[in-house]
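Below is one structure, written out as structure tokens; the observations come after it.
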Protein chains: 2
Amino acid sequence: MSTRRRGEELERAILQAAAEELRESGYAGMTMDRVAARAGTNKNAIYRRWPHRAALGIAAYRHLSDTVMPNPDTGTLRGDALEMLRQANETWSSPHGAVLRALLAAAADDPALLALMRERSGADTMDRAWLTMLERAVARGEAPPTAAHPRVATTPMMLLRAEYAMRGIPSVPDEVLIEIVDEVLLPLVRGRA
Amino acid sequence: MSTRRRGEELERAILQAAAEELRESGYAGMTMDRVAARAGTNKNAIYRRWPHRAALGIAAYRHLSDTVMPNPDTGTLRGDALEMLRQANETWSSPHGAVLRALLAAAADDPALLALMRERSGADTMDRAWLTMLERAVARGEAPPTAAHPRVATTPMMLLRAEYAMRGIPSVPDEVLIEIVDEVLLPLVRGRA
DNA sequence: CCTATAGGGTACGCGACGTACCTTAAAGGC
DNA sequence: GCCTTTAAGGTACGTCGCGTACCCTATAGG
């Protein structure tokens with residue numbers, strides 16, 4: 001019997017357990033004791049690997065979602081942008097999103113953790129997707145060349161995130177998404193001519 | 001001696017104490033026991049008035065800052081907007097801002113608290129200030145009439161807030177503010193013609 | 001085979017929230 | 001001017017969860 005797990009194997013078991021706790025109880029409910037119990041080990045093994053709960057939470061998050069990056073190509077900038085926002089809205093309002101938002105809040109005062117989050121949550125990849133989307137629009141002649149600017153690319157998602165922060169709640173109505181596109185993104189692109 | 005304080009008076013003493021704790025130790029350091037001790041009372045009196053720490057924190061926050069709303073009038077939209085952003089940046093990066101951000105994080109999962117926050121932090125007033133700023137620009141003929149749109153008015157501040165969330169930390173370089181104005185707000189206003 | 005390393009078990013210190021219960025002062029009607 | 005109701009003071013406690021300390025035991029790898 002026995003076969004005491006070590007190294008890699010144990011580590012995966014812990015992350016797995018943590019991820020399940022995250023899914024079931026959210027970040028607030030993911031206690032170290034419960035993770036240890038669920039992984040069939042003890043807190044020692046955890047603290048030898050991660051310095052505190054937040055670090056474990058973030059590490060475990062990747063086990064939840066392998067964040068598929070959308071890459072819509074509807075033929076118009078408006079269509080693409082709306083699609084991106086809708087996908088993001090869906091993701092963020094899912095249980096996943098709740099976990100992610102809780103983690104973000106927990107990491108808010110630790111730059112190191114924040115950086116980790118950005119990596120794991122695919123924020124950078126997301127930004128690049130928006131940029132290439134804009135470049136396609138430029139190529140189609142739908143937008144002036146100067147429209148493919150990083151600041152422009154990140155604006156819609158930032159507005160969406162700010163919207164979450166405003167409302168308590170994790171689902172933004174579709175009208176808001178449309179408004180972000182029609183009242184901000186498109187005029188903005190147009191105005192950069 | 002005695003003169004046991006009651007009602008109003010005691011309430012103010014508690015809020016005062018809580019505000020001082022907030023200023024000195026931040027929200028994380030504002031414990032119920034310490035507030036009670038500092039106010040020269042006990043937790044009973046506190047819990048009879050606020051259901052939990054977060055509520056007290058939010059209530060106390062107003063004692064910290066009577067949030068003076070800036071209302072720059074530099075003669076140009078660009079100047080006004082930059083001034084607004086700079087003021088906001090300064091506020092948010094002050095110790096005040098740290099408290100405010102901590103409170104926001106703590107209230108993130110409770111819509112009722114969030115609503116309270118919005119009130120107390122003057123967010124709505126801020127939005128109105130931006131809108132009237134835009135209206136002045138319209139009146140000067142500096143912007144098309146459709147530029148004075150709520151979504152436009154809230155965009156710069158939302159971008160600033162998102163910037164805080166991104167970076168860990170509480171001071172955004174001036175270049176970013178300039179970029180928000182030059183690369184987003186002004187083109188956006190122009191593009192709405 | 002034997003030793004260094006890492007996992008298992010367990011207990012504990014500590015801080016902080018929120019609650020329970022009783023005592024005591026103050027307000028306000030009669 | 002008493003007396004009841006209400007609210008404050010005092011204090012102790014239950015609970016939870018993080019992080020740490022210790023000591024025992026299996027296993028890897030020389």
Side-chain angles (χ1 to χ4, degrees), chain A residues 1-18 20-22 24-61 99 102-103 105-110 112-113, chain B residues 1-18 20-22 24-61 99 102-103 105-110 112-113:
Chain A
M1 278 263 37
S2 52
T3 306
R4 183 182 274 185
R5 294 162 306 177
R6 293 176 83 83
E8 276 291 304
E9 188 187 356
L10 180 57
E11 185 151 337
R12 263 179 292 122
I14 294 173
L15 284 172
Q16 177 68 28
E20 284 165 17
E21 287 291 328
L22 273 184
E24 290 174 20
S25 323
Y27 178 64
M30 183 200 86
T31 79
M32 299 306 255
D33 298 83
R34 290 180 59 189
V35 170
R38 183 167 208 149
T41 180
N42 61 0
K43 289 191 288 180
N44 269 337
I46 302 181
Y47 280 104
R48 215 171 273 131
R49 291 174 167 78
W50 297 275
H52 35 243
R53 201 171 77 98
L56 174 60
I58 293 173
Y61 178 76
V99 171
L103 281 173
D109 54 352
D110 186 335
L113 290 182
Chain B
M1 278 272 46
S2 56
T3 306
R4 184 182 274 188
R5 295 163 303 176
R6 294 176 81 83
E8 277 291 303
E9 187 188 356
L10 180 56
E11 185 152 337
R12 263 179 293 124
I14 294 173
L15 284 172
Q16 177 68 27
E20 283 165 18
E21 288 291 328
L22 273 183
E24 289 174 20
S25 323
Y27 179 63
M30 183 201 87
T31 79
M32 299 305 256
D33 297 84
R34 290 179 60 191
V35 170
R38 183 167 210 150
T41 179
N42 62 359
K43 290 191 288 177
N44 269 337
I46 302 180
Y47 281 104
R48 214 171 275 133
R49 292 175 166 78
W50 298 275
H52 35 242
R53 200 171 76 99
L56 174 60
I58 293 174
Y61 178 77
V99 171
L103 282 174
D109 55 351
D110 187 335
L113 290 183

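Order of the sequence lines fixes the chain letters, A, B, ..., with proteins taken first and strands second; residue numbering starts at 1 for each chain.
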From [atom1] of [X] over to [atom2] of [N], roughly how many Å is that when rounded to an integer?
X: R48(A); N: dG9(C); atom1: CZ; atom2: C1'; answer: 12 Å
X: I46(A); N: dG8(C); atom1: CD1; atom2: C1'; answer: 13 Å
X: Y47(A); N: dG8(C); atom1: OH; atom2: C1'; answer: 17 Å

Problem set entry | Polar pair under 3.5 Å, donor/acceptor by atom type, side chain N42(A), base dG9(C) |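 Checked by distance alone, the answer is yes.
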Consider the side chain of [X], meaning its heavy atoms from C-beta on, and name the nucleotide among [options] that approaches it most closely.
X: M32(A); options: dC18(D), dT27(D), dA25(C); answer: dC18(D)
X: K43(A); options: dG8(C), dT20(D), dC17(C); answer: dT20(D)
X: N44(A); options: dC17(C), dG9(D), dA21(D); answer: dA21(D)
X: R53(A); options: dC17(C), dG19(D), dA8(D); answer: dG19(D)

For this session: Map T41(B) and H52(A) onto DNA chain D by nearest heavy atom, then report which one ends up closer to the 5' terminus.
Result: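 Nearest nucleotide further toward 5': that of T41(B).
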For this session: Find which nucleotide of DNA chain D each of D33(B) and L10(B) is nearest to by heavy atoms, and output the residue with the more 5' nucleotide.
Result: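 Checking each residue's closest nucleotide, the 5'-ward one belongs to L10(B).
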Exercise. Which heavy-atom pair separates Y27(B) from R53(B) by the least distance, and what is that distance?
Worked result: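 Smallest heavy-atom distance, with atoms named: O-NH1, 2.8 Å.
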Exercise. Which pair of non-hydrogen atoms, one from I14(B) and one from V35(B), has the smallest distance, and what is that distance?
Worked result: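 Here I14(B) and V35(B) meet closest at O-CG1, 4.0 Å.
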Exercise. Is a salt bridge present between E24(B) and R34(B), judged by a nitrogen-to-oxygen distance below 4.0 Å?
Worked result: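 Result for this pair is no, no salt bridge flagged.
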